[in-house]
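In each ligand, atom 1 is the first atom listed, and ligand 1 is the first ligand listed.
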Amino acid sequence: MATDIVTVEQHILQGQREWGGRGDFSAILHQIILAAKIVSREVTKAGLLDILGPTGHVNVTGDEVQKLDVFANRTFIQALSYIGRICVIATEEEKDLVQIPEQYPRGDYAILFDPLDGSSNIDSNVSIGTIFSIYRRITPRDQPCTLQDVLQQGTKQVAAGYVVYGSSTMLVYTTGKGVNGFTLDPSVGEFFLSHPNIRIPEIGKIYSANESRYPYWKQGTREYIDYIKKEDPATGRPKTSRYIGSLVADFHRNLLKGGIFLYPEDTRDPGSPWGKLRLMYEANPLAFVVEQAGGAASSGYERILEIQPKELHQRVPLIIGSRKDVELYETFARKNL
Ligand code: P6P
């Protein structure tokens, strides 16, 4: 009897058949899934470890406890290094590129990730996430990969997605043919298709921003926030504020329900005028996902995916979510220039 239960492995294989892939994607995505399951298990236990308080450096089984984001970073690097499909890794946790160890074959793909975004929220049991972005290498195959293989425009991504470790663990990803969400059933250790063909509403009721930064936002941004908070039922205002302070959690909610997330530039810290979020392993992958779901992602002035990267850890203002909300913000942002 045919069942409508689809595992992420079946979904990946079906995609591979449709696109005639050589299995590279499947191998990479399988390792991301493996690492996500391992990180999910540790994140779930984190609360337990915190009960141990200052002696929390020793977990319940007596093993030395690593900081969870360091653990997640090492887990994803190890899971991706030995499969012979990756030529270079970039991660928020490492200042420089992570080359594949000599003993492993190099592959044709470059992968970037934020291994555990929002990890400062773990001790309050707030949802956190992993974000990943995959590019095909562009330098000759017989040479080691370089920054050139990594600093590509977001439009060149071949796959991107995130894992949200929340009340349940979900994997959401795109390979450029729509967006699908899978929920982990820990009792069998399998991700099942739970959100097929995700589409974000073209306009939403929700806005997500850290309004304590309001005094530091530029004029156009402040006027946009003032506008969406003003009462006008005919234009669905005021919007309702929802802000968790964990990018993946805020993004995921708005992706499913509709809405806009804003982390604009601000004038408070001259050292990082472009706000807090990173282009290569936060803004670009989420921009790929949201556009594939019918939404939009902008710096306020240009499409995130068309920004030509200059540095690995460069920051960018991020306005992302329902297309009409992002477009309206852009009309206000012109006053910032
Ligand atoms: P703020 C978490 O630290 C993070 O990097 C993102 O996950 C989140 O969207 C943002 O910072 C929150 O920043 O300044 O509002 O605390």
> Considering residues, nucleotides and ligands other than Lys324, do more than 12 of their heavy atoms fall under 6.0 Å from its NZ?
Replying inline: no
> Less than 4.0 Å between a side-chain N and a carboxylate O, is that true for Arg136 and Asp108?
Replying inline: no
> Do Leu318 and Leu279 come close enough that some side-chain heavy atom pair is under 4.5 Å?
Replying inline: no
>> As a test of understanding, state which of Arg242, Lys239, Arg253 forms a side-chain hydrogen bond (donor to acceptor under 3.5 Å, both in side chains) with Ser208.
In response: Arg253
> Below 4.5 Å, heavy atoms only, C-beta onward: do Val179 and Asn197 meet side chain to side chain?
Replying inline: no
> Who's touching ligand 1 if we go heavy atoms under 4.0 Å?
Replying inline: Asp117, Gly118, Asn210, Tyr243, Gly245, Ser246, Leu247, Phe261, Tyr263, Lys276
> Phe332 and Tyr224: aromatic ring centres closer than 6.0 Å?
Replying inline: yes
